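Worksheet: the structure to be examined is printed underneath.
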Amino acid sequence: MTNESKCILAPSCAFSGDTEKCHDRCPAFIQMHSASGRHTLAGLPSEYALIDLATAPPRKDQPAVYKFVDAYVATFERQFDDKPAIKSAYLYSDEPGTGKTTTAAGLINAWLRAHYVGAARLGRQPLRKPAEFFDLNEYQTAYNLAAMAGDAVKLQALTKRLNEAARVPFLVLDDVGIRSASEAFRGFVHAVINARLAAGRPTVYTSNIEMGDLADVYDARLADRIRDNCQDLPFIGKSKRGLRRK
Ligand SMILES: Nc1ncnc2c1ncn2[C@@H]1O[C@H](COP(=O)(O)OP(=O)(O)OP(=O)(O)O)[C@@H](O)[C@H]1O
Ligand SMILES: [Mg+2]
(Lines give C-alpha, C1' and ligand atoms only; values in the text may rest on other atoms or scores of the structure.)
(Ligands and ions follow the chains in the order given, each with its own letter.)
Protein backbone atom coordinates (compact mmCIF):
# COMPACT_ATOMS: atom_id res chain seq x y z
CA MET A 1 0.00 0.00 0.00
CA THR A 2 1.29 3.43 -0.86
CA ASN A 3 1.90 6.15 1.74
CA GLU A 4 1.35 8.91 -0.78
CA SER A 5 -1.92 10.01 0.71
CA LYS A 6 -0.89 9.74 4.35
CA CYS A 7 2.68 11.06 4.38
CA ILE A 8 3.09 14.82 4.37
CA LEU A 9 6.49 14.41 2.71
CA ALA A 10 4.92 12.86 -0.41
CA PRO A 11 4.91 16.08 -2.50
CA SER A 12 8.69 16.36 -2.21
CA CYS A 13 9.52 12.64 -2.20
CA ALA A 14 10.92 10.89 -5.27
CA PHE A 15 9.43 7.60 -4.05
CA SER A 16 5.83 8.69 -3.59
CA GLY A 17 3.54 6.61 -5.75
CA ASP A 18 6.22 3.91 -6.05
CA THR A 19 4.56 1.06 -4.14
CA GLU A 20 7.90 -0.70 -3.74
CA LYS A 21 9.47 2.21 -1.92
CA CYS A 22 6.59 4.12 -0.33
CA HIS A 23 5.49 2.18 2.73
CA ASP A 24 5.04 2.39 6.51
CA ARG A 25 8.61 1.26 7.20
CA CYS A 26 10.10 4.15 5.25
CA PRO A 27 12.49 5.97 7.66
CA ALA A 28 11.16 9.37 6.56
CA PHE A 29 7.56 8.29 7.17
CA ILE A 30 8.52 7.02 10.63
CA GLN A 31 10.34 10.27 11.49
CA MET A 32 7.19 12.20 10.60
CA HIS A 33 4.28 9.97 11.46
CA SER A 34 5.24 7.50 14.21
CA ALA A 35 3.88 8.16 17.72
CA SER A 36 6.88 10.38 18.46
CA GLY A 37 7.25 11.67 14.89
CA ARG A 38 7.50 15.39 14.04
CA HIS A 39 4.08 15.58 12.45
CA THR A 40 2.45 13.69 15.33
CA LEU A 41 4.11 15.97 17.92
CA ALA A 42 2.93 19.05 16.03
CA GLY A 43 -0.53 18.20 17.36
CA LEU A 44 -2.76 18.96 14.37
CA PRO A 45 -6.40 18.00 14.95
CA SER A 46 -7.10 14.79 13.01
CA GLU A 47 -9.52 16.40 10.54
CA TYR A 48 -6.77 18.82 9.41
CA ALA A 49 -3.76 16.52 9.82
CA LEU A 50 -2.91 15.79 6.20
CA ILE A 51 -3.91 19.07 4.55
CA ASP A 52 -1.62 19.92 1.64
CA LEU A 53 -1.76 23.56 0.53
CA ALA A 54 -1.61 22.55 -3.14
CA THR A 55 -4.94 20.74 -2.89
CA ALA A 56 -6.51 22.46 0.16
CA PRO A 57 -10.27 23.10 -0.35
CA PRO A 58 -10.06 26.88 0.33
CA ARG A 59 -7.44 27.47 -2.39
CA LYS A 60 -9.91 28.16 -5.20
CA ASP A 61 -12.18 30.41 -3.14
CA GLN A 62 -9.43 32.47 -1.50
CA PRO A 63 -7.17 33.43 -4.41
CA ALA A 64 -5.69 36.51 -2.74
CA VAL A 65 -4.81 34.58 0.42
CA TYR A 66 -3.26 31.71 -1.53
CA LYS A 67 -1.23 34.07 -3.69
CA PHE A 68 0.45 35.25 -0.51
CA VAL A 69 0.56 31.72 0.95
CA ASP A 70 2.54 30.38 -2.02
CA ALA A 71 5.11 33.17 -1.72
CA TYR A 72 5.15 32.76 2.06
CA VAL A 73 5.90 29.02 1.90
CA ALA A 74 8.87 29.79 -0.34
CA THR A 75 10.38 31.80 2.55
CA PHE A 76 10.27 28.71 4.82
CA GLU A 77 13.55 27.61 3.22
CA ARG A 78 15.18 30.45 5.16
CA GLN A 79 14.44 28.74 8.50
CA PHE A 80 18.03 27.49 8.72
CA ASP A 81 19.54 30.96 8.14
CA ASP A 82 21.15 32.84 11.03
CA LYS A 83 18.51 35.54 10.81
CA PRO A 84 15.62 34.06 8.82
CA ALA A 85 13.26 37.04 9.28
CA ILE A 86 10.19 35.00 8.30
CA LYS A 87 6.92 36.90 8.62
CA SER A 88 3.96 36.05 10.77
CA ALA A 89 0.44 35.84 9.28
CA TYR A 90 -3.03 36.70 10.56
CA LEU A 91 -5.82 34.60 9.00
CA TYR A 92 -9.06 36.44 9.61
CA SER A 93 -12.74 36.28 8.79
CA ASP A 94 -15.74 37.32 10.82
CA GLU A 95 -17.66 34.47 9.16
CA PRO A 96 -16.77 30.98 10.47
CA GLY A 97 -15.87 28.05 8.20
CA THR A 98 -13.98 29.97 5.51
CA GLY A 99 -10.84 27.80 5.67
CA LYS A 100 -8.57 29.60 8.14
CA THR A 101 -7.70 26.59 10.29
CA THR A 102 -7.41 24.42 7.18
CA THR A 103 -4.89 26.86 5.69
CA ALA A 104 -2.99 27.16 8.99
CA ALA A 105 -2.72 23.35 9.12
CA GLY A 106 -1.41 23.33 5.55
CA LEU A 107 1.20 25.90 6.58
CA ILE A 108 2.38 23.65 9.43
CA ASN A 109 2.74 20.75 7.01
CA ALA A 110 4.65 22.95 4.58
CA TRP A 111 6.96 24.07 7.40
CA LEU A 112 7.56 20.48 8.55
CA ARG A 113 8.37 19.45 4.99
CA ALA A 114 10.75 22.38 4.48
CA HIS A 115 12.37 21.55 7.81
CA TYR A 116 12.84 17.87 7.04
CA VAL A 117 14.12 18.41 3.52
CA GLY A 118 16.33 21.37 4.56
CA ALA A 119 17.87 19.47 7.49
CA ALA A 120 18.66 16.53 5.23
CA ARG A 121 20.29 18.85 2.69
CA LEU A 122 22.47 20.39 5.40
CA GLY A 123 23.29 17.02 6.95
CA ARG A 124 21.57 17.99 10.20
CA GLN A 125 19.27 16.06 12.47
CA PRO A 126 15.75 17.53 12.16
CA LEU A 127 14.42 19.06 15.38
CA ARG A 128 12.11 16.93 17.51
CA LYS A 129 9.42 19.61 17.32
CA PRO A 130 9.87 22.08 14.45
CA ALA A 131 6.23 23.25 14.49
CA GLU A 132 3.17 23.13 16.68
CA PHE A 133 -0.56 23.66 16.40
CA PHE A 134 -1.92 25.36 19.51
CA ASP A 135 -5.69 25.51 19.94
CA LEU A 136 -6.31 28.42 22.31
CA ASN A 137 -9.93 27.40 22.98
CA GLU A 138 -8.92 23.94 24.00
CA TYR A 139 -6.06 25.32 26.09
CA GLN A 140 -8.24 27.79 27.95
CA THR A 141 -10.82 25.10 28.75
CA ALA A 142 -8.11 22.74 30.04
CA TYR A 143 -6.59 25.56 32.08
CA ASN A 144 -9.91 26.59 33.64
CA LEU A 145 -10.76 23.00 34.55
CA ALA A 146 -7.34 22.39 36.14
CA ALA A 147 -7.47 25.71 38.00
CA MET A 148 -10.98 25.01 39.31
CA ALA A 149 -9.97 21.55 40.49
CA GLY A 150 -6.76 22.91 42.01
CA ASP A 151 -4.88 20.22 40.03
CA ALA A 152 -1.23 21.27 40.45
CA VAL A 153 0.12 18.47 38.25
CA LYS A 154 -2.13 19.41 35.31
CA LEU A 155 -1.36 23.11 35.77
CA GLN A 156 2.34 22.35 35.67
CA ALA A 157 1.90 20.34 32.46
CA LEU A 158 -0.09 23.22 30.95
CA THR A 159 2.66 25.69 31.86
CA LYS A 160 5.18 23.40 30.18
CA ARG A 161 3.03 23.45 27.03
CA LEU A 162 3.09 27.25 27.06
CA ASN A 163 6.88 27.30 27.37
CA GLU A 164 7.13 24.93 24.43
CA ALA A 165 4.77 27.09 22.38
CA ALA A 166 7.01 30.08 23.05
CA ARG A 167 10.08 28.20 21.82
CA VAL A 168 8.86 26.18 18.84
CA PRO A 169 10.26 27.59 15.56
CA PHE A 170 6.82 27.77 13.87
CA LEU A 171 3.56 28.08 15.78
CA VAL A 172 -0.10 28.24 14.85
CA LEU A 173 -2.22 30.02 17.45
CA ASP A 174 -5.68 28.85 16.46
CA ASP A 175 -8.55 31.16 17.43
CA VAL A 176 -6.53 33.98 18.96
CA GLY A 177 -9.67 36.15 18.88
CA ILE A 178 -11.33 34.00 21.56
CA ARG A 179 -13.88 36.30 23.17
CA SER A 180 -13.98 34.75 26.63
CA ALA A 181 -10.30 35.38 27.40
CA SER A 182 -9.81 35.63 31.18
CA GLU A 183 -7.22 37.86 32.80
CA ALA A 184 -4.86 34.95 33.53
CA PHE A 185 -5.30 33.57 30.02
CA ARG A 186 -4.53 36.92 28.42
CA GLY A 187 -1.32 37.02 30.43
CA PHE A 188 -0.29 33.61 29.02
CA VAL A 189 -0.98 34.64 25.46
CA HIS A 190 1.04 37.83 26.01
CA ALA A 191 3.99 35.87 27.35
CA VAL A 192 4.01 33.43 24.43
CA ILE A 193 3.68 36.13 21.76
CA ASN A 194 6.25 38.40 23.37
CA ALA A 195 8.80 35.62 23.68
CA ARG A 196 8.27 34.63 20.04
CA LEU A 197 8.58 38.18 18.76
CA ALA A 198 11.71 38.81 20.81
CA ALA A 199 13.29 35.71 19.26
CA GLY A 200 12.02 36.52 15.73
CA ARG A 201 9.94 33.32 15.50
CA PRO A 202 7.02 33.34 13.04
CA THR A 203 3.47 32.72 14.28
CA VAL A 204 0.32 32.06 12.25
CA TYR A 205 -2.81 33.31 13.97
CA THR A 206 -6.36 32.41 13.05
CA SER A 207 -9.14 34.66 14.27
CA ASN A 208 -12.75 35.76 13.90
CA ILE A 209 -11.73 39.25 15.06
CA GLU A 210 -10.09 41.84 12.87
CA MET A 211 -6.49 42.54 13.76
CA GLY A 212 -7.45 46.15 14.49
CA ASP A 213 -10.11 45.06 17.01
CA LEU A 214 -7.89 42.73 19.02
CA ALA A 215 -7.36 45.47 21.60
CA ASP A 216 -11.00 44.91 22.66
CA VAL A 217 -10.28 41.25 23.52
CA TYR A 218 -6.79 41.60 24.91
CA ASP A 219 -5.33 45.09 25.20
CA ALA A 220 -3.68 47.64 22.97
CA ARG A 221 -0.20 46.39 23.81
CA LEU A 222 -0.85 42.80 22.71
CA ALA A 223 -2.78 43.96 19.64
CA ASP A 224 0.23 46.05 18.74
CA ARG A 225 2.67 43.19 19.25
CA ILE A 226 0.63 40.91 16.99
CA ARG A 227 0.74 43.47 14.17
CA ASP A 228 4.54 43.37 14.20
CA ASN A 229 5.91 42.07 10.88
CA CYS A 230 2.62 40.27 10.26
CA GLN A 231 0.67 39.78 7.04
CA ASP A 232 -3.06 40.41 7.37
CA LEU A 233 -4.97 37.76 5.38
CA PRO A 234 -8.74 38.30 5.20
CA PHE A 235 -10.75 35.24 4.13
CA ILE A 236 -13.81 36.06 2.05
CA GLY A 237 -17.21 34.46 1.50
CA LYS A 238 -19.66 32.39 3.49
CA SER A 239 -19.07 29.29 5.61
CA LYS A 240 -18.10 26.16 3.68
CA ARG A 241 -18.35 23.90 6.71
CA GLY A 242 -19.93 20.56 5.89
CA LEU A 243 -19.77 21.24 2.17
CA ARG A 244 -17.53 18.27 1.37
CA ARG A 245 -19.72 15.84 3.22
CA LYS A 246 -22.90 16.76 1.38
N1 LIG B 1 -13.39 27.18 0.18
C2 LIG B 1 -13.73 26.00 0.66
N3 LIG B 1 -14.24 25.05 -0.14
C4 LIG B 1 -14.62 23.86 0.36
N5 LIG B 1 -14.52 23.51 1.65
C6 LIG B 1 -14.01 24.41 2.49
C7 LIG B 1 -13.57 25.70 2.05
N8 LIG B 1 -13.12 26.39 3.12
C9 LIG B 1 -13.27 25.56 4.16
N10 LIG B 1 -13.79 24.39 3.79
C11 LIG B 1 -14.14 23.27 4.68
O12 LIG B 1 -14.95 23.81 5.73
C13 LIG B 1 -14.60 23.22 6.97
C14 LIG B 1 -14.22 24.32 7.96
O15 LIG B 1 -12.98 24.90 7.59
P16 LIG B 1 -12.04 25.57 8.68
O17 LIG B 1 -12.14 24.83 9.97
O18 LIG B 1 -10.69 25.70 8.06
O19 LIG B 1 -12.72 26.99 8.84
P20 LIG B 1 -12.34 28.22 9.79
O21 LIG B 1 -12.26 29.40 8.91
O22 LIG B 1 -11.14 27.85 10.60
O23 LIG B 1 -13.63 28.30 10.72
P24 LIG B 1 -13.80 28.94 12.20
O25 LIG B 1 -13.86 30.42 12.02
O26 LIG B 1 -15.11 28.38 12.66
O27 LIG B 1 -12.66 28.48 13.03
C28 LIG B 1 -13.48 22.24 6.69
O29 LIG B 1 -14.04 20.96 6.56
C30 LIG B 1 -12.92 22.70 5.37
O31 LIG B 1 -12.37 21.63 4.61
MG1 LIG C 1 -10.88 27.65 12.71
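As the structure is a computational prediction, the values presented were derived from the model and not from experiment.
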What closest approach, in Å, do [X] and [Y] show between heavy atoms, and which atom pair accounts for it?
X: S239; Y: R241; value: OG-N, 3.2 Å
X: H23; Y: E20; value: CD2-O, 3.3 Å
X: P234; Y: V65; value: O-CG2, 3.4 Å
X: T98; Y: S93; value: OG1-OG, 2.7 Å

Beyond-backbone contact of [X] with [Y], side-chain heavy atoms, under 4.5 angstrom:
X: L9; Y: F29; result: no
X: P58; Y: Y66; result: yes
X: L173; Y: I193; result: yes
X: Q140; Y: L136; result: no
X: D24; Y: K6; result: yes
X: Y72; Y: P202; result: yes

| Among T102, D70, T103, whose side-chain hydrogen bond (donor to acceptor under 3.5 Å, both in side chains) with R59 holds? |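 Passing option: D70.
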Drop me the distance from [X]'s [atom1] to [Y]'s [atom2], to the nearest 0.5 angstrom.
X: R201; Y: L171; atom1: CZ; atom2: CG; value: 10.5 Å
X: Q31; Y: C26; atom1: CD; atom2: SG; value: 9.0 Å
X: N208; Y: Y92; atom1: CG; atom2: OH; value: 8.0 Å
X: Y143; Y: E138; atom1: OH; atom2: CD; value: 15.0 Å
X: K60; Y: T55; atom1: NZ; atom2: OG1; value: 11.5 Å
X: C7; Y: M32; atom1: SG; atom2: CE; value: 7.5 Å

Without swapping roles, check the side chain of [X] against the backbone of [Y] for a donor-acceptor pair under 3.5 Å.
X: T206; Y: D174; value: no
X: D81; Y: K83; value: no
X: E132; Y: L41; value: no

Taking distance alone, no hydrogens or angles, what donor-acceptor pairs closer than 3.5 Å link side-chain atoms of residues 214-223 to residues at least two apart or in another chain?
| from | atom 1 | to | atom 2 | distance (Å) |
| --- | --- | --- | --- | --- |
| Y218 | OH | V176 | O | 2.6 |
| D219 | OD1 | H190 | NE2 | 3.3 |
| D219 | OD1 | R221 | N | 3.0 |
| D219 | OD1 | L222 | N | 2.9 |
| D219 | OD2 | H190 | NE2 | 3.0 |

Determine all donor-acceptor pairs shorter than 3.5 Å in which one atom belongs to a side chain in residues 151-163; sequence neighbours excluded.
| from | atom 1 | to | atom 2 | distance (Å) |
| --- | --- | --- | --- | --- |
| D151 | OD1 | V153 | N | 3.3 |
| D151 | OD1 | K154 | N | 3.1 |
| T159 | OG1 | L155 | O | 2.8 |

For [X], enumerate each residue passing the side-chain contact (heavy atoms from CB on, under 4.5 Å) test, keeping only those at least two apart in sequence or located in another chain.
X: P45; value: E47, Y48, F133
X: S34; value: I30, S36
X: L145; value: T141, M148
X: K238; value: E95

| Inter- and intrachain pairs under salt bridge (charged side-chain N to carboxylate O under 4.0 Å, His left out), touching residues 33-42, at least two apart | none
| query | Among pairs that include at least one residue of residues 187-197, which meet salt bridge (charged side-chain N to carboxylate O under 4.0 Å, His left out), considering only residues two or more places apart or in two chains? | reply | none
Distance-only donor-acceptor pairs under 3.5 Å for side chains of residues 106-119, two or more places apart:
| from | atom 1 | to | atom 2 | distance (Å) |
| --- | --- | --- | --- | --- |
| N109 | OD1 | H39 | NE2 | 3.2 |
| N109 | ND2 | A49 | O | 2.9 |
| N109 | ND2 | I51 | O | 2.8 |
| W111 | NE1 | Q79 | OE1 | 3.3 |
| W111 | NE1 | P130 | O | 3.3 |
| R113 | NE | I8 | O | 2.7 |
| R113 | NH2 | I8 | O | 3.1 |
| H115 | ND1 | Q79 | OE1 | 2.9 |
| H115 | NE2 | L127 | N | 2.9 |

Are [X] and [Y] linked, directly or through other ILVMFWY residues, by side chains that come within less than 4.5 angstrom of each other?
X: L91; Y: I178; answer: no
X: F185; Y: V172; answer: no
X: V73; Y: V168; answer: no
X: F76; Y: Y205; answer: no

| message | Run the side-chain hydrogen bond (donor to acceptor under 3.5 Å, both in side chains) test against Y90 and tell me which residues pass, sequence neighbours left out. | response |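 S207.
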| field | Test ring-ring contact (aromatic ring centres under 6.0 Å, His included) applied to Y139 - qualifying residues, sequence neighbours left out | value | F134
| task | List the steps, then state whether side chain to side chain contact (heavy atoms under 4.5 Å, CB included) holds for R225 with V189. | result | CA-CA 11 Å; R225 293 300 268 155; V189 179; over 6 Å; no
| request: Check the surroundings of atom CD in E77: do more than 12 heavy atoms from other residues, nucleotides or ligands lie under 6.0 Å from it? | output: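 Atom CD in E77 is not packed in, count stays at 12 or less.
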| In the hydrophobic clustering that connects Ile, Leu, Val, Met, Phe, Trp and Tyr at side-chain heavy-atom distances below 4.5 Å, which members other than F80 occupy its cluster, ordered by chain and number? |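 Via sub-4.5 Å side-chain contacts, F80 links to L122.
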